Amino acid sequence: MAGDHKKIPLPSDLSIQPKNHGLATLAAMQFAAGGCAGFAEVSIMHPLDLVKTRFQIQRGPDDPNRYTSIVDCFRKMYRQEGALSFYKGILPPLLAETPKRAVKFFCFERYKNLFAMGGYIPQPVVLTLSGLASGLTEAIVINPFEVVKVKLQAQRSTFKQQPSTILTAKEIYRESGFGLRGLNKGLTATLGRHGVFNMVYFGFYHNVKQIVPEYQDPTKDLGRRFVIGLISGTLSSCINIPFDVAKSRIQGPQPIPGQIKYKSCFQTIALVYREEGFFALYKGLLPKVLRLGPGGAIMLLVYETVFDFLKTSL
């Protein structure tokens, strides 16, 4: 009913900053809230991220280890690698989520203030540009963790036989260093993936949240924000997935050991399109959407709830 709607300020709105909270305190709150959001999202949704990576690195009908569906992938992994295999590569994202989400949300606010200076840029554009800039910044922080994660996720040994995260990182660094062939391999694709994702994710969420009337009932308003977050995560996943496929191909095992077939972001996108067709650029879309649709909503809600709690408690 129309009477249920009432425009009320939410304490979790990032534009509301108590005067007694300085920049350092606010940054610490965003760091803690972002860490909680990242931990919750990764812990719940990681198995779908693993399945997405497995789909993206398989190369066609000739692949002897090909998965035919999400259920087939889960079934084969469980039978061949054990139940714990669903959490292969989880340590790098868990270790990365605190600084990653801190960078994401803190930089989004800083960029938002920067782009809003002077009032020359319309607010919807400010929010979209801020999302893009925060995503590019986030990508620089997260890429080494992504390289290690993809290498671990691509291995088909059992969980107990798999080398540790630290040993894998040391191996990559020892063999290829920290540069674009080592722990920063696929950086351009990661920049594209995170830049495009956050541009749509933050731009859609904050713009639509301001348009759709708020509910006075906290439970109903939680549902409103969850639906908006779900749609924003789903749209972002659909739009940025070609960059995600390119990143997985570059960071994953090459078809012929010792020969680098997937060298750069746009070269990989063009090569996959030429050899495997347009829809190959959308491999892993279903598990990605299943993960980042609800995962994106969970992350925003956890972040806003924790940030709200910290602002009112400290």
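Bear in mind that the values here come from a model prediction, so they are computed numbers and not experimental data. We number each residue from 1, following the sequence as shown.
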Identify whether the distance between the nearest side-chain nitrogen and carboxylate oxygen of [X] and [Y] falls below 4.0 Å.
X	Y	answer
Glu214	Arg225	no
Lys76	Glu81	no
Arg181	Glu175	no
Lys52	Asp49	yes
Arg174	Glu171	no

Does [X] share a hydrophobic cluster with [Y], counting links as ILVMFWY side-chain heavy atoms below 4.5 Å and allowing steps through other members?
X	Y	result
Met77	Val150	no
Tyr78	Phe55	yes
Phe108	Phe197	yes

Distance check, rounded to the nearest 0.5 Å: [X] atom [atom1] versus [Y] atom [atom2]?
X	Y	atom1	atom2	value
Asp244	Thr53	CG	OG1	7.0 Å
Leu292	Met299	CG	CE	8.0 Å
Phe106	Met29	CZ	CE	13.0 Å
Ile121	Lys112	CD1	NZ	14.0 Å
Leu91	His46	CG	NE2	10.0 Å
Leu300	Tyr201	CG	OH	3.0 Å

Point to revise | Ring geometry between Phe105 and Phe202 (parallel below 30°, tilted from 30 to 60°, perpendicular above 60°) | key: perpendicular

Could you report the tightest heavy-atom contact between [X] and [Y], atom names first, then the distance?
X	Y	result
Arg193	Phe243	N-CB, 3.6 Å
Cys265	Ile250	N-CD1, 3.8 Å
Phe86	Leu50	O-CD1, 3.8 Å
Ser237	Val289	CB-CG2, 4.1 Å
Val126	Phe115	CG2-O, 3.8 Å
Tyr120	Met117	CD1-O, 4.0 Å

Main-chain N/O of [Y] paired with [X] side-chain donor or acceptor, under 3.5 Å:
X	Y	value
Lys185	Val147	no
Asn198	Leu132	no
Gln254	Tyr262	yes
Ser134	Gly131	yes
Thr305	Val302	no
Glu41	Ala37	no
Ser43	Ala40	no
Arg224	Val212	yes

Practice item. Go through Asp221 and Gln216 one step at a time and tell me if the side-chain hydrogen bond (donor to acceptor under 3.5 Å, both in side chains) criterion holds. Key: CA-CA 7 Å; Asp221 198 69; Gln216 192 170 13; over 6 Å; no

Point to revise | Full working for salt bridge (charged side-chain N to carboxylate O under 4.0 Å, His left out) between Lys209 and Glu304 | key: CA-CA 13 Å; Lys209 192 173 75 166; Glu304 291 182 343; 3.0 Å; yes

Exercise for review: Would you please test Gln210 and Gln123 for side-chain contact (heavy atoms from CB on, under 4.5 Å) and show each step?
Suggested key: CA-CA 11 Å; Gln210 293 177 3; Gln123 188 183 32; 3.3 Å; yes

Review point. Under 3.5 Å, is there a donor-acceptor pair linking the side chains of Asn143 and Gln251?
Key: yes

Review point. What's the verdict on salt bridge (charged side-chain N to carboxylate O under 4.0 Å, His left out) for Glu275 and Lys261, showing C-alpha distance, side-chain angles and the deciding distance?
Key: CA-CA 12 Å; Glu275 292 186 346; Lys261 180 177 181 179; 2.8 Å; yes

